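Heavy-atom basis, side chains included; hydrogens, waters and symmetry copies ignored. Everything numeric here is computed off the predicted structure, so don't read it as measured data.
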Amino acid sequence: MLDFIGKSSQTAKHHPKPGGLEILKYIGPGLLVTVGFIDPGNWASNLAAGADYGYALLWMVTLSTVMLIILQHNVAHLGIATGLCLSEAAMTHLRPRVARPILWTAMAASVSTSLAEILGGAIALEMLFDIPVRIGAAMVTVFVGVMLFTNSYRVIERWIIAFVSVIGLSFIYELALVDIEWGEAARAWVTPSFPDGSMVVVMSVLGAVVMPHNLFLHSEVIQSRRWDLEDDRVIRKQLRYEFLDTSLSMLIGWAINSAMILLAAATFFREGTAVNELQDASTLLQPLLGKSAAVVFAIALLFAGIASTITSGMAAGSIFAGIYREPYDIKDSHSRWGILISLLAALALIMLIRNPFMGLLYSQMALSIQLPVTIFLQVRLTSSGRVMGKYRNRPSTKWLLYTLGGIVSALNVALLWSMVW
């Protein structure tokens with residue numbers, strides 16, 4: 001069972017010893033978070049971006065990943081320096097009438113996330129075994145529930161790393177089958193553009209990469225190593241190595257997300273073929289790249305759906321437990337209820353959805369709308385001397401983070417404007 005993390009764990013504190021392989025002790029939390037932005041919602045957003053606009057929206061993956069590295073490092077900073085996750089810190093340092101509504105919007109975002117993750121896994125089961133989506137969704141939900149309620153964090157972390165490896169290798173195989181215009185792709189990675197009608201896809205890409213639940217999750221799982229938070233030397237060393245873990249993990253995610261857009265641009269966009277469902281993508285790949293490519297695509301999607309549903313459930317458990325000022329602990333009822341609320345509410349919504357692909361897209365768009373709330377909460381806490389002490393944000397860091405929140409807010413306004421007009 002889970003001997004997890006949080007301020008209640010006061011035994012078996014680690015004192016890392018110098019050594020060339022010491023960084024390996026810190027690797028893991030970043031990869032666990034990475035799976036959240038190579039989830040089925042990302043697949044839908046990236047395939048839509050590549051199929052409809054070619055390489056033009058690759059810049060959004062780059063921008064989102066840079067934003068993600070900054071935000072994830074900052075929220076991990078909170079967990080390391082205080083021993084509190086983002087949800088616990090909000091309840092501890094803000095008035096309850098302010099903190100609770102914010103955290104409930106985060107719970108709603110976790111439901112939206114779980115919807116996309118479960119739905120992606122169900123679509124993959126339909127591709128592979130012709131299982132109806134609703135039945136597949138129930139199967140994914142049950143499997144993930146068993147994983148979360150019976151396995152320790154360490155076991156789950158190893159599963160997640162294996163899943164990420166399978167997904168990455170799958171896309172390396174897929175890209176080896178297509179002809180990529182690398183010069184055009186390189187320009188698109190660093191050149192912003194907004195093709196006509198692309199705003200919904202732009203926002204879904206942003207919401208699929210920079211996800212609210214991942215900010216809550218990272219602040220929680222970063223404590224899984226249970227380093228001695230009373231030792232300033234240990235804290236500073238953990239902060240330094242955590243940034244390497246986060247950066248490396250997010251760059252892996254950037255590569256996989258980019259690969260999705262590259263694959264769609266080199267196949268569907270080049271052929272002038274629209275992708276309206278993930279099932280279509282697998283079917284359409286077969287005549288273009290062969291049967292094996294379609295099967296590998298579906299297998300990778302299944303692994304992505306299961307892995308990201310696990311992390312989404314963990315995030316919901318952390319958020320809900322934090323509302324009661326408790327750390328995530330699968331043996332605790334509040335953590336369990338948080339997981340159940342997220343997974344079961346998402347499953348109920350899936351039973352009502354008629355168009356799974358559009359459900360994936362709009363779930364990611366919903367995440368981008370909640371995202372500024374989480375960002376501004378995070379910056380408020382990590383910039384406070386009362387919360388962080390000497391580890392609070394520098395003024396330059398604080399204003400950089402506020403600027404990122406402003407960019408997300410401005411994109412949301414642009415999205416609403418495009419939908420109204």
Side-chain angles (χ1 to χ4, degrees), residues 34-35 37-66 68-69 120 124 127 164-198 201-202 204-206 208-209 247-301 303-304 357 360-361 364:
T34 296
V35 79
F37 79 104
I38 54 174
D39 70 323
N42 287 77
W43 288 55
S45 301
N46 292 330
L47 289 174
D52 294 344
Y53 305 105
Y55 302 114
L57 298 183
L58 277 169
W59 68 273
M60 198 62 203
V61 177
T62 302
L63 173 63
S64 299
T65 303
V66 171
L68 188 65
I69 290 172
M127 292 178 185
V164 172
S165 300
V166 169
I167 296 166
L169 290 172
S170 298
F171 275 99
I172 290 174
Y173 172 78
E174 301 275 5
L175 287 181
L177 301 177
V178 298
D179 182 21
I180 304 296
E181 297 176 12
W182 291 107
E184 184 178 348
R187 288 190 295 273
W189 266 311
V190 296
T191 307
S193 65
F194 293 89
D196 290 342
S198 65
V201 177
V202 166
S204 67
V205 171
L206 174 66
V209 173
S247 299
L248 174 63
S249 301
M250 301 304 110
L251 287 174
I252 291 171
W254 170 84
I256 294 176
N257 275 291
S258 295
M260 295 179 195
I261 294 181
L262 292 171
L263 178 66
T267 52
F268 308 130
F269 183 76
R270 184 173 295 169
E271 296 290 327
T273 303
V275 178
N276 298 313
E277 296 184 7
L278 285 176
Q279 296 95 320
D280 288 347
S282 179
T283 302
L284 293 168
L285 278 176
Q286 185 165 329
L288 294 172
L289 303 179
K291 183 177 180 180
S292 62
V295 172
V296 169
F297 179 92
I299 291 172
L301 177 60
F303 276 76
F357 188 76
L360 287 172
L361 280 180
Q364 303 310 292

Review point. Judged by atom type as modelled, is there a donor-acceptor pair below 3.5 Å linking the side chain of R270 to the main-chain atoms of D179?
Key: yes
Check your understanding: Checking side-chain contact (heavy atoms from CB on, under 4.5 Å) for the pair L58/L262: CA distance, chi angles, key distance, verdict?
Key -> CA-CA 8 Å; L58 277 169; L262 292 171; 3.9 Å; yes
Review point. Rounded to the nearest 0.5 Å, how far does CD1 of I261 lie from CG of L47?
Key: 9.0 Å
Check your understanding: Any side-chain heavy atom of P195 within less than 4.5 Å of one from L57?
Key -> yes
**Study point:** Donor-acceptor contact below 3.5 Å, side chain S193 vs main chain A56
**Key:** yes
Check your understanding: Between E181 and R187, is any pair of side-chain heavy atoms under 4.5 Å apart?
Key -> no
Review point. How about V61 and T65: do any of their side-chain heavy atoms sit closer than 4.5 Å?
Key: yes
Check your understanding: Rounded to the nearest 0.5 Å, how far apart are OG of S170 and CZ of F303?
Key -> 8.0 Å
**Study point:** Heavy-atom side-chain proximity of Y55 to I180 below 4.5 angstrom
**Key:** yes
Review point. Quick one: CH2 on W254 to CD1 on I69, what's the gap to the nearest 0.5 Å?
Key: 10.5 Å
Check your understanding: Roughly how far, to the nearest 0.5 Å, is the CZ atom of F269 from the CG atom of D52?
Key -> 9.0 Å
Practice item. Go through F194 and W59 one step at a time and tell me if the ring-ring contact (aromatic ring centres under 6.0 Å, His included) criterion holds. Key: CA-CA 10 Å; F194 293 89; W59 68 273; 5.2 Å; yes
**Study point:** Euclidean distance, I256 CD1 relative to I172 CD1, rounded to 0.5 Å
**Key:** 8.5 Å
